[in-house]
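See structure below.
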2 protein chains.
Amino acid sequence: MKTDYLDIIRKAGLRATPQRIAICEYLIDTDSHPTANDIYMKLKDRFPSLSLATIYNTLDVMVGMGYVNALGSIGDDTVHFDGNTSPHINLACTKCHTIIDLKSELVAQLDSEIDQISGYRVLGARVLYYGICPQCQSTN
Amino acid sequence: MKTDYLDIIRKAGLRATPQRIAICEYLIDTDSHPTANDIYMKLKDRFPSLSLATIYNTLDVMVGMGYVNALGSIGDDTVHFDGNTSPHINLACTKCHTIIDLKSELVAQLDSEIDQISGYRVLGARVLYYGICPQCQSTN
DNA sequence: TTTTGTGCAAACGTTTTGCAATTAT
DNA sequence: ATAATTGCAAAACGTTTGCACAAAA
């Protein structure tokens, strides 16, 4: 089943421009955890005139709507985004700047715990552990 | 029981300067989640010549050693730090830029889950949910 | 036709860097 | 004495903003 990007964009109160569709498509289909610049570089072939401003703009709205999580920087001073909002752990290596996903039933429990007791309108989560990955540990 | 700041700093391989002691002291005693600038403003009375560079410098090392967690930005474009590395949830309001702590047994379980299965040398965690706090929801 | 979005370039603010003077060990 | 740290100023970098043009509804 394919996600309906048009629907997501419209639900966010935005007009469905080709750029936005492409950004959402990339974010939600990838299992990488791209920065704004990653998305920019990935899409500039298809949209030569695409600007970073548009990407940041779209990203902000998506995060504000809860369709995308903002994970923050992982030692590279740029914000990484996560189009996968299902409950999981993000594991980041601060050396090679890679983020992997870990399924965890505990995160799902965490989500509902917060929903029930916090009183917050929760927009997103940042369940991220950072450290040195096995590969970078041996590469020293 | 008082935390031994000298010890923490020395374990990090750093010289125990008054500035560093003050930074650690503030970070670990407070239950706020300060930015570098928060710390700067808090300490500049006692250390008129203190510079932000020193704060960022010290912070980086503390995070790298796992004594402080870097939570990232919460909509205010500045990184917030958490001197409390015991397992808990951080709940951030992206409107008033406040972070509160929530005790959670689930996070402790999460911590050990990661330790056991990941193979990473874990340096820190960022268990943070963001959204709109009850107060900001009504203030609209 | 009206309103919203795009893209560019310039601005902004946080964080980093280089270096001389200072300080901990 | 020696090597690390500070603080300053300037630079760097990611991100945001303002505005004229273009495009979606």
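Chain naming here is simple, since letters A, B, ... match the order of the sequence lines and numbering starts at 1 in each.
With sequence neighbours left out, the side chain to side chain donor-acceptor pair (under 3.5 Å) criterion links B:Y129 to A:D111. In this view, B:D7 and B:K11 satisfy the salt bridge (Lys or Arg N to Asp or Glu O under 4.0 Å) rule, not counting sequence neighbours. Listed by chain and number, the residues in a side chain to side chain donor-acceptor pair (under 3.5 Å) with A:S118 amount to none (sequence neighbours excluded). Looking at residues two or more places apart in sequence or on another chain, you find a side-chain contact (heavy atoms from CB on, under 4.5 Å) between A:Q116 and A:S112. In this structure B:Q19 satisfies the side chain to side chain donor-acceptor pair (under 3.5 Å) test with no other residue, sequence neighbours excluded.
Looking only at distances, a side-chain donor or acceptor of A:Q137 sits under 3.5 Å from a matching main-chain atom of B:G119.
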Kindly list each side-chain donor-acceptor pair under 3.5 angstrom involving residues 49-59 of chain B, sequence neighbours excluded, with atom names and distances?
residue: B:S51; atom: OG; partner: B:A53; partner atom: N; Å: 3.1
residue: B:S51; atom: OG; partner: B:T54; partner atom: N; Å: 3.4
residue: B:T58; atom: OG1; partner: B:T54; partner atom: O; Å: 2.9

Could you list the donor-acceptor pairs under 3.5 angstrom formed between side-chain atoms of residues 68-75 of chain A and any protein atom two or more places apart in sequence or on another chain?
residue: A:N69; atom: OD1; partner: A:A125; partner atom: N; Å: 3.3
residue: A:N69; atom: ND2; partner: A:A125; partner atom: O; Å: 3.3
residue: A:S73; atom: OG; partner: A:G75; partner atom: N; Å: 3.2
residue: A:S73; atom: OG; partner: A:D77; partner atom: N; Å: 3.1

Could you list all N or O pairs between the protein and nucleotides 21-25 of chain C that sit under 3.5 Å apart?
residue: C:dA24; atom: N3; partner: B:R15; partner atom: NH1; Å: 3.1
residue: C:dT25; atom: OP1; partner: B:R10; partner atom: NH2; Å: 3.4
residue: C:dT25; atom: OP1; partner: B:A16; partner atom: N; Å: 3.2

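In the region residues 63-72 of chain B, proximity to DNA chain D at under 4.0 angstrom, judged on heavy atoms, holds for none of the residues. Within residues 31-57 of chain A, the residues having any heavy atom under 4.0 Å from DNA chain D are, by residue number, A:A53, A:Y56.
In summary, contact between chain B and DNA chain D, defined as any nucleotide atom under 4.0 Å from a heavy atom of the protein, begins and ends at D:dA3 to D:dT16 in the 5' to 3' direction.
Between the CG atom of B:D76 and the P atom of C:dT14 there is a distance of 9 Å, rounded to whole Å. Remark: C1' of C:dT4 and CD1 of A:I21 are 15 Å apart, rounded to the nearest angstrom.
Hydrophobic clustering, with ILVMFWY side chains joined whenever heavy atoms are under 4.5 angstrom apart, keeps B:L106 apart from B:L128.
The rotation axes computed at either terminus of the helix from C:dT1-D:dA25 to C:dT25-D:dA1 lie 50° apart, taking five pairs at each end and rounding to 10 degrees.
A pairwise comparison of heavy atoms in A:K95 and A:C136 identifies NZ-O, 3.6 Å as the closest pair.
For the residue pair A:H88 and A:N90, a side-chain donor N or O sits within less than 3.5 Å of a side-chain acceptor on the partner. Residues B:N37 and B:T35 bring no donor and acceptor atom of their side chains to less than 3.5 Å of each other. A:H80 and A:D38 share no donor-acceptor pair across their side chains, judged by distance under 3.5 Å alone.
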